[in-house]
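Notes follow the structure.
To find a chain, count down the sequence lines: A is the first, B the second, and so on, and within it residues start at 1.
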2 protein chains.
Amino acid sequence: MESVQNIVSVGQQIRALREAHGLPLRKVAAELDIDTSILSKIERGHRQANRQQVCAIARIFGVDEKELIIQYLSDKVIDELTNEEWAEDALKVAEEKLKYYTRK
Amino acid sequence: MESVQNIVSVGQQIRALREAHGLPLRKVAAELDIDTSILSKIERGHRQANRQQVCAIARIFGVDEKELIIQYLSDKVIDELTNEEWAEDALKVAEEKLKYYTRK
DNA sequence: GTATTTTTGGACAAATTTAGTCCAAATGGA
DNA sequence: TCCATTTGGACTAAATTTGTCCAAAAATAC
């Protein structure tokens with residue numbers, strides 16, 4: 001089922017891609033021009049990747065940039081809302097606002 | 001119609017409340033312990049209020065804290081997503097993730 | 001129309017957050 | 001055991017946030 005795939009964080013997806021290609025942190029971190037420990041933390045969600053890094057990952061592993069960016073953005077949204085009592089209500093209102101701003 | 005009310009930003013709501021009470025920036029800013037220029041910027045969306053300030057506003061004007069916090073949070077979400085091509089998709093995924101994390 | 005109050009804009013500063021390096025310790029094969 | 005990989009944490013630099021201060025603009029009162 002495809003919906004399960006969406007539940008993972010962008011970090012988990014990066015780790016899955018890297019392991020599927022059998023590459024060590026060292027190699028991918030070098031491509032991203034960051035230390036291995038940072039990449040390790042990104043993959044485990046202890047740090048957030050930035051947009052450029054996410055795009056670079058998509059390029060490196062030849063996957064659809066759109067899908068990875070959507071994961072990245074949704075992770076940032078979740079970050080803003082975790083531990084918030086009215087998170088779901090806020091998301092609903094955000095959707096209304098977004099529709100309002102982007103129509104016409 | 002009630003949905004229109006949700007379209008305004010928390011800043012716009014603060015300004016509406018302040019003007020409805022006939023108070024100058026000076027008075028409300030003093031209560032929040034910030035400069036008038038900051039409050040002016042918050043009301044016009046040039047700066048973001050923080051959680052405590054939003055709660056203080058709700059208390060000062062005697063309105064439901066929940067409603068104002070929801071506006072505040074949704075504004076932060078919108079901030080993350082404006083100018084993003086796949087903003088709507090990201091919101092959808094964020095909803096799935098939130099449901100997943102908060103169930104059980 | 002001038003005086004007064006309110007609001008806004010921008011230069012600046014302090015404090016906090018973010019993003020990274022570096023290295024030592026832990027983990028995991030062969 | 002040896003070696004490569006991964007992780008944790010102390011530390012630093014850069015960027016962002018959050019605010020002050022004050023002058024200019026706009027609105028209001030008289």
Side-chain angles (χ1 to χ4, degrees), chain A residues 8-61 68-69 71-84, chain B residues 8-61 68-69 71-84:
Chain A
V8 305
S9 69
V10 70
Q12 289 173 307
Q13 267 187 293
I14 292 170
R15 171 149 296 189
L17 284 168
R18 182 175 61 80
E19 290 180 340
H21 286 247
L23 296 175
L25 288 168
R26 182 173 46 78
K27 287 277 189 189
V28 179
E31 290 257 11
L32 298 180
D33 198 31
I34 55 175
D35 195 84
T36 57
S37 80
I38 294 292
L39 182 54
S40 166
K41 284 160 193 165
I42 287 172
E43 289 184 348
R44 287 168 301 132
H46 296 186
R47 289 272 177 113
Q48 264 197 336
N50 65 39
R51 223 181 181 293
Q52 294 183 336
Q53 288 162 343
V54 173
C55 292
I57 289 287
R59 188 181 38 71
I60 290 167
F61 296 117
L68 225 45
I69 288 292
Q71 290 302 330
Y72 160 74
L73 291 174
S74 64
D75 280 0
K76 290 209 298 179
V77 169
I78 292 295
D79 251 35
E80 298 277 8
L81 297 181
T82 39
N83 304 321
E84 285 291 347
Chain B
V8 305
S9 68
V10 70
Q12 290 174 306
Q13 267 187 293
I14 292 170
R15 170 148 296 189
L17 284 167
R18 182 176 61 80
E19 290 182 339
H21 287 247
L23 296 174
L25 288 169
R26 181 172 48 77
K27 287 276 189 188
V28 178
E31 290 256 11
L32 299 180
D33 198 32
I34 55 175
D35 196 83
T36 58
S37 79
I38 294 292
L39 183 54
S40 167
K41 284 161 193 165
I42 287 172
E43 289 183 348
R44 286 168 301 135
H46 296 185
R47 290 270 176 115
Q48 263 197 339
N50 65 37
R51 223 180 180 294
Q52 294 183 336
Q53 287 162 343
V54 173
C55 293
I57 289 287
R59 187 181 40 71
I60 291 167
F61 295 117
L68 226 45
I69 288 292
Q71 290 302 330
Y72 160 73
L73 292 174
S74 64
D75 281 358
K76 289 210 298 178
V77 169
I78 291 295
D79 251 34
E80 297 277 9
L81 297 181
T82 38
N83 304 321
E84 285 290 347

Length of the line joining [X]:[atom1] and [N]:[atom2], which is rounded to integer Å:
X: A/D33; N: C/dT21; atom1: CG; atom2: P; result: 7 Å
X: A/L25; N: D/dG8; atom1: CG; atom2: P; result: 12 Å
X: B/L39; N: C/dG9; atom1: CG; atom2: C1'; result: 15 Å
X: A/H46; N: D/dG9; atom1: NE2; atom2: C1'; result: 13 Å
X: B/Q48; N: D/dT18; atom1: CD; atom2: C1'; result: 12 Å
X: A/E80; N: C/dT17; atom1: CD; atom2: C1'; result: 13 Å
X: A/L23; N: D/dA4; atom1: CG; atom2: P; result: 17 Å
X: A/R47; N: D/dA10; atom1: CZ; atom2: P; result: 13 Å

Evaluate the criterion salt bridge (Lys or Arg N to Asp or Glu O under 4.0 Å) for residue pair A/E84 and B/R51; output intermediate values, then yes/no.
-> CA-CA 11 Å; A/E84 285 291 347; B/R51 223 180 180 294; 2.6 Å; yes

Main-chain N/O of B/S40 paired with B/R44 side-chain donor or acceptor, under 3.5 Å = yes

Has the side chain of A/E80 got a donor or acceptor atom that lies under 3.5 Å from a matching backbone atom of A/V77?
-> no

With rounding to the nearest 0.5 Å, note down the distance linking NZ in B/K41 to CZ in B/R47.
-> 5.5 Å

Heavy-atom donor-acceptor pair, B/S37 side-chain to D/dC21 base, under 3.5 Å = yes

Kindly say whether, by distance alone, the side chain of B/K41 makes a donor-acceptor pair under 3.5 Å with the base of C/dG10?
-> yes

Base, sugar-phosphate, or nothing: which does A/I38 touch, judged by heavy atoms less than 4.0 Å apart?
-> base

Which part of the nucleic acid, if any, lies within contact of B/R26, taking any heavy atom under 4.0 Å across all strands shown: a base, the sugar-phosphate backbone alone, or nothing?
-> sugar-phosphate

Would you say [X] reaches [N]'s phosphate, i.e. side-chain N/O to OP1/OP2 under 4.0 Å?
X: A/R44; N: D/dT6; answer: no
X: B/R15; N: C/dT8; answer: yes
X: A/S40; N: D/dT7; answer: yes
X: B/Q53; N: D/dG19; answer: yes
X: B/R18; N: C/dT7; answer: yes

Residue whose closest nucleotide on DNA chain D lies nearer the 5' end, B/D35 versus A/E19 | A/E19

Among A/Q12, A/R15, A/Q13, find the one that has a side-chain contact (heavy atoms from CB on, under 4.5 Å) with A/E43.
-> A/R15

